[in-house]
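These notes are about the structure you will find just below.
In this chain, numbering begins with 1 at the start of the sequence shown. We count ligands from 1, going down the list as the structure has it; atoms in each ligand are counted the same way. Worth saying up front: this structure is predicted, and the values here are computed from it rather than measured.
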Amino acid sequence: MSLAPYASDPSRTRGRRHAETPAPTRDDFQRDRDRIVHSTAFRRLVYKTQVFVNHEGDLFRTRLTHSLEVAQLGRSIARALGLNEDLVEAIALAHDLGHTPFGHAGQDALDDCMKAHGGFEHNLQSLRVVDRLEQRYPQYDGLNLSFETREGILKHCSRANAERLERREPGGVARRFVDRTQPSLEAQLCNLADEIAYNAHDIDDGVRSGLLRIEALVEVDLFERFRRETLADHPQLQGRRILYEAIRRMLSAQVYDVIDATRAGLERAAPFDADAARRSGPLVVFSDAMRAQSASLKRFLFDNLYRHPQVMRTTQRAQQVVRELFDGYLGGEAGMPPDFAQRVDRHRAVADYIAGMTDRFAMHEHERLTGRRWMA
Ligand code: MG
């Protein structure tokens with residue numbers, strides 16, 4: 001399918017930080033996606049927590065399967081809107097590369113440890129991974145991705161960090177947080193696909209884990225509507241299949257809602273190219289009704305799953321593991337690999353090392369350091 005005028009066009013890319021000869025058979029965004037798939041950080045996503053710690057069960061989402069789901073949803077919406085599917089895929093596969101072990105619990109603990117040293121933000125860390133921490137190429141650190149992929153990876157950024165990045169790379173990917181403009185439509189789409197994906201799969205994982213009861217979801221309109229519809233269409237249906245079918249319908253409804261609401265907005269704003277779209281305010285959006293429904297589903301998951309006593313216990317344990325690892329490496333009693341140990345920015349080096357760990361490597365390291373074993 002041909003690209004819409006407002007799509008990101010690889011032949012008009014703002015380019016890479018280190019100039020490279022074009023690849024003979026792939027455009028720049030396809031090449032970015034391939035580099036991401038071959039990176040070390042990408043392979044580690046398979047053993048990083050989404051909500052459930054990796055050892056709690058083999059069927060729960062990990063950061064890897066989550067990223068694949070975001071890419072699938074993103075590509076299918078991109079195709080309908082004439083946006084660049086390859087760029088969407090590259091951003092989606094990279095969007096969580098900077099996540100610490102143990103999900104948000106790990107990131108909060110690391111942010112706390114780094115309070116006096118610039119803090120820790122996972123979006124910024126994803127950018128550090130692709131800009132600097134991956135070391136695979138002879139000529140430069142990082143993956144040397146194109147501007148548009150890096151722009152999409154830096155989904156949020158505090159004002160202070162944006163200004164710091166802007167000083168290092170004037171007019172670069174942090175500029176929009178200073179100017180308050182939007183990223184490309186492909187980047188906006190990935191943000192929304194991320195939200196659609198985790199709302200749906202956290203219901204699935206939540207119910208499967210036994211922490212959420214499907215009956216409790218009656219209060220969530222967005223789910224209940226499709227559960228009822230499913231039962232009306234298939235009165236004999238039982239068990240998990242009701243859940244799967246309701247989630248499938250819920251996902252489709254959100255995808256079509258985004259496509260319709262975004263098409264309407266694009267018609268009104270009529271951006272003539274990708275940069276005009278960046279200046280037009282958020283354009284890849286839910287309708288107002290779907291935005292409200294998605295927000296109420298999110299609140300439900302927050303109160304009933306993310307704050308569930310069992311998840312909270314894991315969260316606290318995970319934070320303790322991260323804090324003790326941090327102190328252990330900082331104090332020098334636990335060795336880090338030379339790449340990290342020799343760095344002069346010691347606190348940041350420790351944060352980078354811990355952030356790169358998978359859940360189970362962090363647990364092994366913690367046991368090695370403290371002699372105590374994780375009891376979940
Ligand atoms: Mg995500």
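Side-chain atoms of Gln30 come within 3.5 Å of backbone N or O of Asp27 as a donor-acceptor pair.
The Mg ion (ligand 1) has no N, O or S atom of His99 closer than 2.8 Å.
Restricting His66 to its N, O or S atoms, the one at the least distance from the Mg ion (ligand 1) is NE2. The atom of Asp96 nearest to the Mg ion (ligand 1) is OD2, with the search restricted to N, O or S atoms.
With rounding to the nearest 0.5 Å, the separation of CD in Glu134 from CG in Asn144 is 13.0 Å.
Residue-environment remark: CD (Gln238) stays at or below the threshold of 12 foreign heavy atoms within 6.0 Å.
Listed here is the closest heavy atom pair of Tyr137 and Leu143: CE1-CD2, 3.9 Å.
An angle of 90° is found at the Mg ion (ligand 1) between Asp194 atom OD1 and His95 atom NE2, rounded to 10°.
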